[in-house]
Amino acid sequence: MAKTPQAIRGTQDIFGADAEAFAFVVETFERVRRLYRFRRVEMPVFEKTEVFSRAIGETTDVVSKEMYSFDDRGGESLTLRPEFTAGIARAYLSNGWQQHAPLKVATHGPLFRYERPQKGRYRQFHQIDAEIIGAGEPQADVELLAMADQLLKELGIEGVTLHLNTLGDGGSREAWRAALVEHFRAVKDELSEDSQERLEKNPLRILDSKDRRDRRFVADAPKIDDFLSDEARAFFDTVTGGLDAAGVKWTRAESLVRGLDYYRHTAFEFIPAEGSEAAGKLGSQSTILGGGRYDGLMESLGGAPTPAVGWAAGIERLAMLCEGKGTEKLEIAIAAENVEREGDAAEMVSIFRRRGFNAELFATGSPRKRFDKARKAQPAILISFDIRDGQRTQTLTVAGTGYGREADASKIFADRWTEVNR
RNA sequence: GCGAUCGUAGCUCAGUUGGUUAGAGCGCCGGUUUGUGGUACCGGAGGUCGCGGGUUCGAACCCCGUCGAUCGCCCCA
């Protein structure tokens with residue numbers, strides 16, 4: 001016997017209730033995205049490596065050690081997309097989508113990151129994504145966040161709060177960064193090993209270190225608010241005011257920074273409240289939706305300065321919070337308890353399906369056990385075809401209670417079989 | 001990349017200080033029973049105990065390696 005190959009580490013074969021919850025997330029996203037008039041885009045799954053290395057930043061973990069890169073037959077370095085934003089930005093520039101600005105787009109699909117798999121984290125994972133490109137006004141941030149908030153509500157996800165911060169404009173961010181480096185360099189030897197390295201590569205990240213050795217120095221670290229320009233402050237105030245007006249609850253998270261180089265101004269994450277049911281289901285992967293403004297990104301790809309905001313959310317993580325959703329109850333189960341009635345049963349099931357009912361036929365295996373099999377499928381209505389004492393019989397049993405289409409279903413059945421026995 | 005735990009039937013698992021032919025429940029297939037009914041019983045298929053090596057008279061069990069899974073660190077969705 002030939003050996004069955006294994007799936008690639010960190011990939012998933014999603015099936016059953018998990019797959020239904022996954023589809024529920026995507027379908028809900030598609031519906032909400034239309035409400036906000038975001039246009040659907042389909043993007044390549046791979047790009048030239050430089051699209052990501054230039055847009056995301058060479059020093060980030062994503063680029064420096066998590067990309068699936070390979071040379072194609074022409075010797076060009078290509079990379080399986082680790083995120084959507086860089087590819088969308090590239091498409092915006094190379095297709096002249098400036099003519100549509102401000103452009104609201106949404107997409108979803110697989111992303112790839114070479115990481116150690118764990119709960120809520122995979123090497124091939126899936127995101128939903130929304131971007132507003134060519135809009136520099138804070139109202140764009142508000143609209144984008146309102147959509148995210150409504151999406152989570154329509155998914156029925158509870159106990160998740162919007163953590164909001166501003167990184168200021170380019171000048172503010174640099175000044176703050178410099179002050180942070182100075183602050184932490186003074187106590188460098190007392191920081192954790194990880195943070196000593198962060199000091200050089202990404203000092204902002206020290207702020208959300210979990211290490212106790214770092215926490216002491218984080219408390220009195222310089223605050224972004226002290227470095228904000230008047231414009232940056234006004235921008236953030238407009239965003240928060242707009243969220244309040246839109247009824248979106250948020251909380252200020254001064255130490256929230258995003259890992260990628262391109263973020264400016266607004267940065268945000270939706271995170272489950274500590275100790276909540278949602279937090280328990282997610283394990284240590286707490287962020288379910290994150291994003292921000294990336295006004296500098298287009299320039300890094302050689303385009304004109306173009307303001308933009310966007311977010312992405314992990315479908316798997318959202319689906320973990322939507323357990324059991326998306327699975328539809330079986331409406332009609334039809335059992336052929338006698339081989340000679342299989343034709344009638346098959347006809348009945350197709351009638352129901354054409355009338356818009358989901359229906360399943362039980363006409364295989366031992367005829368005596370088909371009724372029990374049908375019942376185990378827990379249908380709202382169970383129809384049985386049989387022959388008893390030489391008489392053909394067909395019965396309709398309402399198995400569940402509170403089934404809204406019971407009358408319709410009964411009528412469809414009665415229209416075909418005017419007598420129960422004949 | 002680092003750390004911890006774990007790999008036995010399709011699924012969930014048991015398997016004594018190492019000792020005959022590795023078990024159960026569920027599921028699947030067949031039969032009987034019941035006959036407006038989620039019944040009960042009988043039988044069957046299905047495992048080179050993740051893979052490779054070692055220790056031993058003898059390994060599912062002990063040791064090493066490897067692959068995979070899970071959880072955590074890092075980072076992120």
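- Base pairing analysis places B:rG47 opposite nothing; no Watson-Crick or G-U wobble pair with both distances below 3.5 Å involves it.
- Comparing the P positions of B:rC28 and B:rU21 gives a spacing of 33 Å, expressed to the nearest Å.
- In this entry B:rG58 has no Watson-Crick or G-U wobble partner, no candidate having both defining distances under 3.5 Å.
- Judged by Watson-Crick or G-U wobble contacts below 3.5 Å, the nucleotide B:rU17 has no partner.
- A heavy-atom distance below 4.5 Å is not found between the side chains of A:R317 and A:F125.
- Map A:D194 and A:R258 each onto its nearest nucleotide of RNA chain B; the residue landing nearer the 5' end is A:D194.
- As the counterpart of B:rG7, B:rC67 is assigned, both hydrogen-bonding distances of the Watson-Crick or G-U wobble pattern falling under 3.5 Å.
- Residue A:F29 contributes atom CZ, which lies 15 Å from atom P of B:rA77 at whole-angstrom precision.
- Because its NZ or CZ atom is both nearer than 6.0 Å to the ring centre of A:Y114 and within 45° of the ring axis, A:R123 counts as a cation-pi partner of that residue.
- The CG-P distance, from A:N338 to B:rG37, rounds to 20 Å in whole Å.
- Across all strands shown, B:rC73 forms a Watson-Crick or G-U wobble pair, both distances under 3.5 Å, with B:rG1.
- One atom, CH2 of A:W311, and another, P of B:rA77, lie 13 Å apart when rounded to the nearest Å.
- Side-chain atoms of A:R317 come within donor-acceptor range of the base of B:rC76, with a qualifying N/O pair under 3.5 Å.
- No hydrogens or angles were tested; on distance alone, nothing pairs the side chain of A:K373 with the base of B:rG27 as donor and acceptor under 3.5 Å.
- Checking the phosphate oxygens (OP1, OP2) of B:rC73, no side-chain nitrogen or oxygen of A:R116 falls inside 4.0 Å.
- The stretch residues 44-69 of chain A comes close to RNA chain B through A:D61, A:E66, each having a heavy atom under 4.0 Å from the strand.
- Comparing the same atom, P, in B:rC13 and in B:rC6 gives a spacing of 14 Å after rounding to whole Å.
- Residues forming a salt bridge (charged side-chain N to carboxylate O under 4.0 Å, His left out) with A:D129 (at least two apart in sequence, or on another chain): none.
- Judged by a 6.0 Å distance limit and a 45° cone about the ring axis, A:R405 is positioned over the six-membered ring of A:F357.
- In this structure, A:W311 has its ring center at least 6.0 angstrom away from the ring center of A:F84.
- For A:R9, a side-chain nitrogen or oxygen approaches OP1 or OP2 of B:rG68 to under 4.0 Å.
- Rounded to whole Å, the distance from CZ on A:R123 to P on B:rA69 is 8 Å.
- Between the CZ atom of A:F125 and the C1' atom of B:rC75 there is a distance of 11 Å, given to the nearest Å.
- Scanning atom types as modelled, one donor and one acceptor separated by under 3.5 angstrom connect the side chain of A:E337 and the base of B:rG35.
- Of the options A:I351, A:I332, A:L396, a side chain to side chain contact (heavy atoms under 4.5 Å, CB included) to A:I412 is made by A:I351 and by none of the others.
- B:rG58 sits 35 Å from B:rG43 when the C1' atoms are compared, rounded to a whole Å.
- Partner assigned to B:rU12 is B:rA24, using Watson-Crick or G-U wobble distances below 3.5 angstrom.
- Across all strands shown, nothing is found opposite B:rU36 as a Watson-Crick or G-U wobble partner with both distances under 3.5 Å.
- Stacking annotation: A:F371 is not stacked on the base of B:rG37 (requires ring centroids less than 5.5 angstrom apart and an interplanar angle below 30 degrees).
- Ion pairing between a basic and an acidic side chain is recognised when a charged N comes within 4.0 Å of a carboxylate O; A:R113 and A:E83 show no such pairing.
- B:rG18 and B:rA59 have their P atoms separated by 13 Å, given to the nearest Å.
- Look at A:Q118 and you won't find any side-chain N or O under 4.0 angstrom from OP1 or OP2 of B:rU70.
- The gap from the C1' atom of B:rA22 to that of B:rC41 amounts to 26 Å, rounded to the nearest Å.
- In this structure, A:K369 atom NZ and B:rU32 atom C1' are separated by 9 Å, rounded to whole Å.
- OP1 or OP2 of B:rC71 has not a single side-chain nitrogen or oxygen of A:S284 nearer than 4.0 Å.
- Regarding A:L282, its CG atom lies at a distance of 17 Å from the P atom of B:rC76, rounded to whole Å.
- Note: CZ (A:R375) to P (B:rU39) measures 7 Å, nearest angstrom.
- Ranked by how close their nearest RNA chain B nucleotide is to the 5' end, A:A313 and A:G365 are led by A:G365.
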Query - Residue pair A:F22, A:H126: steps toward the ring pair (Phe, Tyr, Trp, His ring centres under 6.0 Å) verdict - result: CA-CA 10 Å; A:F22 189 107; A:H126 302 80; 5.2 Å; yes

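- Taking atom C1' in both B:rG68 and B:rG30, the straight-line distance is 37 Å, to the nearest Å.
- Taking atom C1' in both B:rA14 and B:rC76, the straight-line distance is 40 Å, to the nearest Å.
- A donor-acceptor contact closer than 3.5 angstrom is absent between the side chains of A:S350 and A:R353.
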